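Both backbone and side-chain heavy atoms feed into the values below; hydrogens, waters and symmetry mates do not. Note that the structure is predicted; figures quoted are calculated from it, not measured.
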Amino acid sequence: GWYHILNGNKALEVVADGENYSVQLVKKSNSSKQLWKLVYIGDDNSTYAYYHLTNQWLGEKKTLTAYQRPEGLLLRMVDM
């Protein structure tokens, strides 16, 4: 299922900011931009299983990733 990722009364939400889809914590709502799911992508046949964190609004073809900026580490959604 799809779930909120919460920090108190705030939820992780996708923000369409032109050419990118960044994420930020905002007031919790029932928006599909705030619903998340782990999608299994495989394993290494021993110890580890691998997942992507996807968002209902963007669909399972985008995944959450981190990237380095001068102001620090930021999160955004990218194509798988």
**Q** Any side-chain heavy-atom pair from Trp36 and Val14 closer than 4.5 angstrom?
**A**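 Touching, per the 4.5 Å side-chain cut-off.
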**Q** Answer yes when Glu60 and Lys37 have at least one side-chain N-carboxylate O distance shorter than 4.0 Å, and no when they do not.
**A**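 The answer is yes: the pair qualifies as a salt bridge.
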**Q** Side chains of Trp2 and Thr54: closer than 4.5 Å at any heavy-atom pair?
**A**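 Yes - at least one pair of side-chain heavy atoms lies under 4.5 Å apart.
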**Q** Please tell me whether Val15 and Leu6 are part of a single hydrophobic cluster in this structure, the criterion being side-chain heavy atoms less than 4.5 Å apart.
**A**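 Hydrophobic grouping puts Val15 apart from Leu6.
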**Q** So how far is it from Lys33 NZ to Leu12 CG, rounded to the nearest 0.5 Å?
**A**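 Taking NZ in Lys33 and CG in Leu12, the distance rounds to 13.0 Å.
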**Q** Are side-chain N/O atoms of Asp44 and Ser46 paired as donor and acceptor at under 3.5 Å?
**A**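 There is such a pair between these side chains.
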**Q** With a 4.5 Å limit on heavy-atom distance, are the side chains of Glu13 and Val23 in contact?
**A**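 No, side chains not in contact.
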**Q** Trp57 and Ile5: same hydrophobic cluster, using ILVMFWY side-chain contacts below 4.5 Å?
**A**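 Shared cluster, yes.
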**Q** Identify the heavy atoms of His4 and Ala11 that sit nearest to each other, and give their distance.
**A**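 Here His4 and Ala11 meet closest at CD2-CB, 4.0 Å.
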**Q** Side chains of Arg76 and Leu64: does their closest heavy-atom pair fall under 4.5 Å?
**A**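 Side chain of Arg76 against side chain of Leu64, heavy atoms only: no contact under 4.5 Å found.
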**Q** Could you report the tightest heavy-atom contact between Met80 and His52, atom names first, then the distance?
**A**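 Closest pair (atom of Met80, atom of His52, distance): SD-CD2, 3.2 Å.
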**Q** What's the verdict on side chain to side chain contact (heavy atoms under 4.5 Å, CB included) for Thr65 and Leu75, showing C-alpha distance, side-chain angles and the deciding distance?
**A** CA-CA 6 Å; Thr65 190; Leu75 300 174; over 6 Å; no
**Q** Identify, with sequence neighbours excluded, every residue that meets ring-ring contact (aromatic ring centres under 6.0 Å, His included) alongside Tyr50.
**A**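 So Tyr50 forms no ring-ring contact (aromatic ring centres under 6.0 Å, His included) with any residue.
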**Q** Would you mind reporting whether Tyr21 and Lys62 have side-chain heavy atoms less than 4.5 Å apart?
**A**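 In contact.
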**Q** With no hydrogens and no angle check, is any side-chain donor or acceptor of Asn55 less than 3.5 Å from a backbone partner on Leu58?
**A**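 A pair under 3.5 Å: yes.
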**Q** Should the heavy atoms of other residues, nucleotides or ligands under 6.0 Å from CG of Asn30 be counted, would the total exceed 12?
**A**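 12 or below, so no.
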